[in-house]
Number of protein chains: 2
Amino acid sequence: MPVTIEDVAKAAGVSIATVSRALRGLPNVVPSTRDRVLKVAEELDYSADPHASRLASGRTMTVGLIMPLTGQWFYNKVATAIEAVLMEEGYDVLRYSVESVEQESQVFRKLIRRKRVDGLVFITIAIDPESLARLTNAQLPVVTIETETGIFPAVTCSNYDAARAATQHLCNLGHREIGLISGLPDDPLHFGPPGERKRGYLDVLARQGIPVRPELDVPGNYSLAGGAEAMATLLSVSDPPTAVFAFSDEMATGALKTIQDLGLRVPDDISIVGFDDHDFAEYLHLTTVRQPLDLMGETAATLLLRLLHGETDVPVRTELDTKLIVRATTGKPPR
Amino acid sequence: MPVTIEDVAKAAGVSIATVSRALRGLPNVVPSTRDRVLKVAEELDYSADPHASRLASGRTMTVGLIMPLTGQWFYNKVATAIEAVLMEEGYDVLRYSVESVEQESQVFRKLIRRKRVDGLVFITIAIDPESLARLTNAQLPVVTIETETGIFPAVTCSNYDAARAATQHLCNLGHREIGLISGLPDDPLHFGPPGERKRGYLDVLARQGIPVRPELDVPGNYSLAGGAEAMATLLSVSDPPTAVFAFSDEMATGALKTIQDLGLRVPDDISIVGFDDHDFAEYLHLTTVRQPLDLMGETAATLLLRLLHGETDVPVRTELDTKLIVRATTGKPPR
DNA sequence: TTGTACGCGTTATCAT
DNA sequence: ATGATAACGCGTACAA
């Protein structure tokens, strides 16, 4: 039923080889022939069967997105941006949700052993050494977002600067007891975005001569519920913080609820800074750090495209600017 | 480099045909042979090349998701649920973002003419007659979510009942001037979810003997900003509503901000009901209608799977229950 | 039950 | 510049 390259060849009075060349813009086709082929193809509404094409060429024209929490705002935002540019270039993009390390290696084997994809982009996921070896070994183009391998091009945002700006903002307002709602409990410090953010926080504290209180750093799992719980924990320590810096707007929002439920007011009793500039942030008057998610996704996609095109001089690290957006959840400390 | 079916055949001492049968669980393979093949395949870490397989079998093992606003919470939630069950069954799923009618027909032609996909699920998108004809003509398995064709299996939620419950809730509290922040400006009434919701709203009004005021129905484009603007509009009419029912939580949240920015209080001055039970809703204390998005996605995926398996007796309509979740943005009208 | 051989629709190589 | 034709890796009638 579907029209094949042969149909086009017949209709244009040439061979399938010529049709293939003409349609793909390859050289060695006389303009007049090319035009005729193009016209016929258009009339017949022909386009190459992707599966046949992939089989023959070896290129799958597919890229995989490896990421956790597919349902979360952050990931969807980034993934959507990536999809937009990649699909525009004719690539299919598949989202692989990976929650556990076990799942990760499973997905890996499937993807690599069969050359299911031409390239991969890892969002946030830390790649373990073994997987890393497999990837480099497979010669697969890879780009990472908000995570670094030292090998593959990475795109991040200025987490350190952002954390400094956020913390400094709080200090400028007069806060000295500043809590942290960080990410995952077992996150290795000084590695990846959360590490960078904490480093920024600590540096500002040091510069301000504010003593570090480890009990003021509570993980919130990047979730609304986690943020709410973390806030409750922070409020229960003796001499609780007058300001809190949360590593995501979801956690900040959870914190906001806990505060409100306790009858406290923001920012009169306590200040909150989030991270991301979530779509909802403006509507919650949330002071936060804006991350250029769209741009991060586009950048990663563009880098991958370059890798896919065989370029080898792509920047190994691209850091995008963040920006502190001051809204109404931050103010002077009480009294 | 990659191991082929031939490698497995050789190693197992059988023909590729037998390997193919054994691996795919087809009959006419002696258990001992099958076991041997399975074992060898496992050892060699073999799996069939999807592209070759697709070319040969004609099945693409791919399904497409046609939806607008890929970046929005609602769509991502549903899409994620669909992906989970479909990918589990070995299908690749591609998300096609369609914003305009023009784009829609473009995507269509690409998808259908080449049998790019084995099936399609339309989320929210109304299928125009021409496309509908093409689809039925192509014999392509299709399932729709929150939109109905009368031909393909559809899964929806009880929009009418939900709207009745929401409106009734407001009436029970004593409200009589109830505004609506509906969806798109040009949405044909009585068709699709927004129509159903409006119908539910109108029916309750009628039963309560409350006159309909057309100026109290303002579209909000399902966005935060749209909701905020719509609320401003509603507040500017003479004798403004004391309660508002928004057709999405995003719009409700936008409305909340407008109200707050104007120095009014919720629910003392005005009540708000949303729709969706967005992840953020609980944290905004938002009274809303819970829609079982995960279940809707899973249901649609399962239906599609049945169609894909050649079943013909699938229910043409599946309506899932919604539930009014009363939180703190609704209360008695002022005075 | 198992194997042979052809076909799927392209790409790519090598003649012409 | 153009045309045969051999892969590509697998599914599947058909034969054995």
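Note on naming: letters A, B, ... go to the chains in the order of the sequence lines (proteins, then strands), and numbering restarts at 1 for each one. Any value given below was found using the heavy atoms of this structure, including those in side chains, with hydrogens, waters and symmetry copies removed.
- Under the 3.5 Å distance criterion, with hydrogens and angles disregarded, a donor-acceptor pair is assigned to the side chains of B/Asp128 and B/Ser131.
- Remark: A/Asp92 engages B/Arg116 in a salt bridge, criterion side-chain N to carboxylate O under 4.0 Å.
- When the C1' atoms of four end pairs are superposed on the next four at each end of the helix from C/dT1-D/dA16 to C/dT16-D/dA1, using five pairs per end, the two resulting axes differ in direction by 40°, to 10°.
- For A/Arg59 (side chain) and A/Arg54 (main-chain N/O), no donor-acceptor pair under 3.5 Å exists by modelled atom type.
- A donor-acceptor pair under 3.5 Å is absent between the side-chain atoms of A/Thr147 and the main chain of A/Thr144, judged by distance alone.
- Whole-Å rounding puts the B/Arg36 CZ to C/dT1 P distance at 15 Å.
- Note: NZ (B/Lys10) to P (D/dG9) measures 12 Å, nearest angstrom.
- Between A/Asn28 atom CG and D/dG3 atom C1' the separation is 13 Å, expressed in whole Å.
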Which nucleotides of nucleotides 7-16 of chain C have their base under 4.0 Å from a protein heavy atom (B), which only their sugar-phosphate (S), and which neither (-), written as one string 5' to 3'? BBBBSB----

Residues 17-29 of chain A side chain polar contacts: donor-acceptor under 3.5 Å, at least two apart:
{"from": "A/Thr18", "atom 1": "OG1", "to": "A/Ser15", "atom 2": "OG", "distance (Å)": "3.4"}
{"from": "A/Ser20", "atom 1": "OG", "to": "A/Arg24", "atom 2": "NE", "distance (Å)": "3.3"}
{"from": "A/Ser20", "atom 1": "OG", "to": "A/Arg24", "atom 2": "NH2", "distance (Å)": "3.2"}
{"from": "A/Arg24", "atom 1": "NE", "to": "A/Ser20", "atom 2": "O", "distance (Å)": "3.4"}

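- No side-chain donor-acceptor contact under 3.5 Å links B/Tyr91 and B/Thr62.
- For B/Phe108 and B/Phe122, the ring centers sit closer than 6.0 Å to each other.
- When atom types are taken as modelled, the side chain of B/Asp294 and the backbone of B/Ala81 share no donor-acceptor pair closer than 3.5 angstrom.
- Contact check, A/Thr33 against D/dT2: a side-chain N or O comes under 4.0 Å of OP1 or OP2.
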